[in-house]
Amino acid sequence: MDLLLSIPVLTYFLAPSPPSWSTTLNIMFFYMTWTTLILSHSPLKVHLVGVLAIRLVFWLLPSLLTLLFDVSLPSVAESIKHGGRAGLPPRNRRALTQFLGLALFNTALLVAVEGTCSYAHTVLLGRPEFVVSTTLPFPWQMAKHVALMFVARELLQYYIHRFVLHGRSPVADLHARFAHARPGAPFSLQVFADHPLPLLLHRFLPLYLPAVLLVRAHLLTYLLFVALCTLEETLSMSGYTIVPGIVMSGIGQRCAIHYATSGKANFSAYGVADWAHGTSRGRGVLQDLQAEAEKHQLQERAGEKVSEGAGMVQGGLDALRSKKGKKKSAKDA
């Protein structure tokens with residue numbers, strides 16, 4: 001019954017065109033896997049293992065691969081880094097080991113803190129902080145919740161980052177000593193290479209609080225939100241100038257400027273709050289959106305021209321075939 005009521009399956013039956021068998025089988029397989037996880041493990045275990053797996057896949061593995069590339073081929077890497085050679089990670093083995101150790105410790109700490117918060121929420125309120133059931137969430141509901149969480153995260157991260165982590169406080173000093181210890185553009189391993197206290201304020205609270213206090217999302221929605229944010233942080237902190245997408249490239253540039261100026265500008269994730277408060281440096285978010293829109297318009301126009309050209313070619317071939325057919329019929333007559 002849950003399967004029939006879950007909207008991702010219903011959309012395939014109610015869609016104007018029927019889905020392919022492979023898509024339907026993938027949906028069924030995902031539902032069966034999700035149901036098995038929910039029925040065989042506690043909600044807390046599914047929650048924490050999911051978050052940890054996302055961190056490993058979308059942050060740790062790409063960070064190690066890009067670090068290996070930067071260290072192995074510095075002459076090539078510096079040509080695609082913000083700031084050139086200044087944006088390369090240190091090649092000192094001891095320094096890299098310290099970075100990696102701190103990042104791994106903080107990753108485990110964030111999962112432990114999230115687990116503690118989840119357990120406390122369940123004990124105090126008698127229910128998990130996220131909706132955990134075999135029924136899959138509605139797609140439109142997922143989109144609405146993810147959008148609300150992104151807006152809340154943008155605002156929370158801006159105010160915490162600007163006024164707490166770059167204000168006048170002991171926490172700001174810790175953030176400056178750990179996150180901004182080296183000049184130049186960052187590299188992806190630095191996402192979690194900060195002192196634990198400012199890291200909790202900067203990376204954890206803006207992600208976790210909106211999902212719990214604002215919407216009480218489905219666990220799948222929250223895991224999707226965590227995956228999108230983790231991927232965005234990994235790309236923006238990579239320091240590369242060739243990050244795919246105009247908007248994502250602008251986010252990476254503003255992040256590099258933030259680190260290059262030791263935190264004088266660009267405090268939010270996407271630059272919208274910086275634009276509203278006048279603290280944005282580099283390419284503005286509105287310029288990125290405009291350029292992205294123009295790019296898609298050009299692609300649509302190019303696609304229309306290609307379609308027109310293909311139609312003209314097809315029409316010409318059909319005309320030639322019809323002429324040949326008429327000549328053949330005339331000869332036979």
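Numbers for residues simply follow the sequence, beginning at 1. Any value given below was found using the heavy atoms of this structure, including those in side chains, with hydrogens, waters and symmetry copies removed.
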A.B. asks: Does any donor atom in the side chain of H202 or H175 lie under 3.5 Å from an acceptor atom in the other side chain?
C.D. replies: no
A.B. asks: Just how far is it from atom CG of N92 to atom OG1 of T97, taken to the nearest 0.5 Å?
C.D. replies: 8.5 Å
A.B. asks: Quick one: sort the W59 and F192 rings into parallel, tilted or perpendicular, breaks at 30° and 60°.
C.D. replies: perpendicular
A.B. asks: Is there a donor-acceptor contact under 3.5 Å linking the side chains of Y240 and T66?
C.D. replies: no
A.B. asks: Flag the pair R153 and E233 as a salt bridge only when some basic side-chain nitrogen lies within less than 4.0 angstrom of an acidic carboxylate oxygen.
C.D. replies: yes
A.B. asks: Could you work out, with side chain to side chain donor-acceptor pair (under 3.5 Å) as the rule, every residue matching Y259, not counting sequence neighbours?
C.D. replies: none
A.B. asks: Step by step, work out the side-chain contact (heavy atoms from CB on, under 4.5 Å) result for D70 and K81.
C.D. replies: CA-CA 10 Å; D70 292 343; K81 280 280 191 176; 3.2 Å; yes
A.B. asks: I'd like to know if F130 and V49 are part of one continuous hydrophobic network [Ile/Leu/Val/Met/Phe/Trp/Tyr, side-chain heavy atoms within less than 4.5 Å].
C.D. replies: no
A.B. asks: Tell me if the centroids of the rings in H41 and H47 come within less than 6.0 Å of each other.
C.D. replies: no
A.B. asks: Can you tell me how far the CG atom of L199 sits from the CG atom of L109, to the nearest 0.5 Å?
C.D. replies: 8.0 Å
A.B. asks: If only side-chain N and O atoms count, and only distance matters, is there a donor-acceptor pair under 3.5 Å linking S268 with E154?
C.D. replies: yes
A.B. asks: Output all residues satisfying side chain to side chain contact (heavy atoms under 4.5 Å, CB included) with I246, sequence neighbours left out; order by chain, then residue number.
C.D. replies: R283, D288, A291, E292, K295
A.B. asks: Pairing donors with acceptors under 3.5 angstrom, does anything connect the side chains of Q141 and H218?
C.D. replies: no
A.B. asks: Can T230 and R55 be counted as having a side-chain donor-acceptor contact under 3.5 angstrom?
C.D. replies: yes
A.B. asks: How are the rings of Y159 and F163 set to each other: parallel, tilted or perpendicular (split at 30° and 60°)?
C.D. replies: parallel
A.B. asks: Does a sphere of radius 6.0 Å around CZ in F69 hold more than 12 heavy atoms from other residues, nucleotides or ligands, not counting ones at 6.0 Å or beyond?
C.D. replies: yes
A.B. asks: What do the steps show when you test R168 against D173 for salt bridge (Lys or Arg N to Asp or Glu O under 4.0 Å), and what is the final call?
C.D. replies: CA-CA 8 Å; R168 296 181 178 179; D173 294 336; over 6 Å; no
A.B. asks: Assign the ring pair Y208 / F204 to parallel, tilted or perpendicular, where the plane angle (0 to 90°) is split at 30° and 60°.
C.D. replies: parallel
A.B. asks: Thinking salt bridges, do D194 and R203 make one under a 4.0 Å N-O criterion?
C.D. replies: no
A.B. asks: For atom CH2 of W34, is the number of surrounding heavy atoms from other residues, nucleotides or ligands below 6.0 Å larger than 12?
C.D. replies: yes
A.B. asks: Ring-plane angle category for F187 and F99, please: parallel below 30°, perpendicular beyond 60°, tilted otherwise.
C.D. replies: perpendicular
A.B. asks: Only counting residues at least two apart or in another chain, list the ones meeting salt bridge (charged side-chain N to carboxylate O under 4.0 Å, His left out) with R162.
C.D. replies: none
A.B. asks: Nearest 0.5 Å, please: how far is CG in L213 from CD in E129?
C.D. replies: 10.0 Å
